[in-house]
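Notes follow the structure.
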Amino acid sequence: QMPGTARHDREMAIQAKRNLPKTTDPVERLRLQCLARGSAGIKGLGRVFRIMDDDNSRTLDFKEFVKGLNDYAMMIDKEEAQEIFRIFDKDGSGTIDFDEFLVTLRPPMSKARKEIIMQAFRKLDKTGDGVVTIEDLRGVYNAKHHPKYQNGDWTEDQVFRAFLDNFDSPYDKDGKVTTEEFMNYYAGVSASIDTDVYFIVMMKNAWKL
């Protein structure tokens with residue numbers, strides 16, 4: 001059976017919504033607003049930024065930054081946006097690097113958690129090229145136990161594709177899962193789990209590590 005992280009994802013979204021009114025740190029507020037949309041929330045914001053980055057500089061100025069937040073329906077006033085922008089514009093250049101921004105927005109994780117996530121990724125990535133595809137999954141998973149395969153709704157490939165889509169950005173599903181996407185997803189899940197021990201046990205059970 002495929003690892004059941006949907007429940008953690010829901011718990012995390014509920015918890016993020018609950019914590020939002022309590023937090024005053026603007027970066028944390030933005031993080032929680034993203035997480036309230038589920039584990040792929042932060043990645044979704046990244047995609048909005050990428051669309052706006054017309055010149056492919058992978059940087060945003062303040063105007064683009066605010067527009068991106070608005071397009072993604074983030075509830076943030078101008079002062080807060082300015083404060084967040086200042087935090088990320090370390091060199092005062094008037095632009096921020098959005099890859100760095102997204103990594104910082106990701107909920108922090110201990111080394112132990114990152115290790116176990118990477119173990120799971122390596123188990124999936126049969127070819128070892130740093131990207132998980134349907135081909136990789138054929139070697140690791142038996143789709144025949146999936147209820148939709150059993151009742152004839154889905155082919156084996158559709159079962160695998162649905163599985164990969166879990167980890168992919170909600171608007172940008174390409175059937176490939178990179179290390180970063182996998183990390184982002186589990187950073188979200190990890191945010192709803194208090195102890196490293198529990199997180200590691202959950203991952204070991206889910207991925208038979």
Side-chain angles (χ1 to χ4, degrees), residues 2-52 60 65-77 79-85 87-88 96-118 120-121 162-173 177-203 206-207:
M2 304 281 180
T5 40
R7 181 173 61 85
H8 289 298
D9 206 34
R10 272 198 308 278
E11 281 170 15
M12 182 206 68
I14 291 164
Q15 202 173 334
K17 286 189 188 92
R18 203 178 295 141
N19 290 339
L20 247 177
K22 293 183 239 170
T23 184
T24 52
D25 174 335
V27 175
E28 179 67 8
R29 273 175 53 78
L30 189 58
R31 176 184 293 144
L32 290 172
Q33 286 193 49
C34 286
L35 292 179
R37 302 187 179 199
S39 293
I42 289 175
K43 191 155 175 249
L45 181 59
R47 184 170 178 273
V48 171
F49 285 157
R50 211 157 292 140
I51 291 167
M52 294 180 47
L60 298 170
F65 179 67
V66 171
K67 188 176 181 317
L69 294 177
N70 289 339
D71 286 356
Y72 200 53
M74 291 285 144
M75 295 296 145
I76 282 201
D77 59 35
E79 283 71 51
E80 256 190 321
Q82 270 165 333
E83 201 178 330
I84 293 170
F85 195 85
I87 291 167
F88 285 99
I96 58 175
D97 171 317
F98 67 66
D99 290 316
E100 200 182 317
F101 170 73
L102 293 171
V103 167
T104 310
L105 203 53
R106 195 158 76 186
M109 283 183 293
S110 67
K111 202 163 161 285
R113 293 191 190 207
K114 285 181 182 158
E115 287 280 294
I116 196 89
I117 293 167
M118 280 315 294
F121 186 84
F163 173 68
L164 291 174
D165 283 351
N166 282 322
F167 301 99
D168 228 337
S169 159
Y171 317 100
D172 200 15
K173 297 186 189 302
V177 177
T178 62
T179 320
E180 194 198 354
E181 286 171 340
F182 199 73
M183 248 330 158
N184 277 343
Y185 179 85
Y186 274 111
V189 172
S190 160
S192 67
I193 295 174
D194 291 335
T195 67
D196 282 3
V197 171
Y198 179 68
F199 183 79
I200 289 164
V201 166
M202 187 268 306
M203 288 296 283
W207 296 97

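Computed from heavy atoms alone, side chains included, the values below leave out hydrogens, waters and symmetry copies.
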Handout entry: Residue list, side-chain contact (heavy atoms from CB on, under 4.5 Å) with Thr24, at least two apart or on another chain
Key = none

Exercise for the section: For Ala112, check side-chain contact (heavy atoms from CB on, under 4.5 Å) against everything at least two apart and list the hits. Expected result: Ser110, Asp196, Ile200

Looking at every heavy atom in both [X] and [Y], which two are closest together, and how far apart are they?
{"X": "Pro107", "Y": "Ala187", "answer": "CG-O, 3.5 Å"}
{"X": "Ala36", "Y": "Ala13", "answer": "O-CB, 3.5 Å"}
{"X": "Ala16", "Y": "Leu32", "answer": "CB-O, 3.6 Å"}
{"X": "Val48", "Y": "Gly68", "answer": "CG1-O, 3.5 Å"}
{"X": "Tyr198", "Y": "Ile193", "answer": "CD2-CG2, 3.2 Å"}
{"X": "Arg106", "Y": "Met183", "answer": "NH1-CB, 3.7 Å"}

Side chains of [X] and [Y]: closer than 4.5 Å at any heavy-atom pair?
{"X": "Met52", "Y": "Phe65", "answer": "no"}
{"X": "Met74", "Y": "Cys34", "answer": "yes"}
{"X": "Ile76", "Y": "Ile84", "answer": "yes"}
{"X": "Leu45", "Y": "Gln33", "answer": "no"}
{"X": "Leu30", "Y": "Phe101", "answer": "yes"}

Residues in salt bridge (Lys or Arg N to Asp or Glu O under 4.0 Å) contact with [X], at least two apart in sequence or another chain:
{"X": "Glu180", "answer": "none"}
{"X": "Glu115", "answer": "none"}
{"X": "Arg29", "answer": "Glu80"}

Exercise for the section: Could you tell me how the ring of Trp207 sits relative to the ring of Phe167: parallel (under 30°), tilted (30 to 60°) or perpendicular (over 60°)? Expected result: tilted

Please round to the nearest 0.5 Å and tell me the distance separating atom [atom1] of [X] and atom [atom2] of [Y].
{"X": "Leu102", "Y": "Asn184", "atom1": "CG", "atom2": "CG", "value": "7.5 Å"}
{"X": "Met75", "Y": "Leu20", "atom1": "CE", "atom2": "CG", "value": "11.0 Å"}
{"X": "Glu28", "Y": "Leu35", "atom1": "CD", "atom2": "CG", "value": "8.0 Å"}

Donor-acceptor contact below 3.5 Å, side chain [X] vs main chain [Y]:
{"X": "Arg113", "Y": "Phe199", "answer": "no"}
{"X": "Glu83", "Y": "Pro26", "answer": "no"}
{"X": "Arg31", "Y": "Leu105", "answer": "yes"}

Practice task
Determine which pairs satisfy salt bridge (charged side-chain N to carboxylate O under 4.0 Å, His left out) with at least one residue from residues 14-25, sequence neighbours left out, and list them in order.
Solution key: none

Practice task
Kindly state whether the ring of Phe98 and the ring of Phe88 have centres lying under 6.0 angstrom apart.
Solution key: no

Practice task
May I ask you to check if Arg37 and Tyr72 form a cation-pi contact, with NZ or CZ under 6.0 angstrom from the six-membered ring centre and within 45° of the axis?
Solution key: yes

Problem - Full working for side chain to side chain contact (heavy atoms under 4.5 Å, CB included) between Val189 and Glu11 - result: CA-CA 8 Å; Val189 172; Glu11 281 170 15; over 6 Å; no

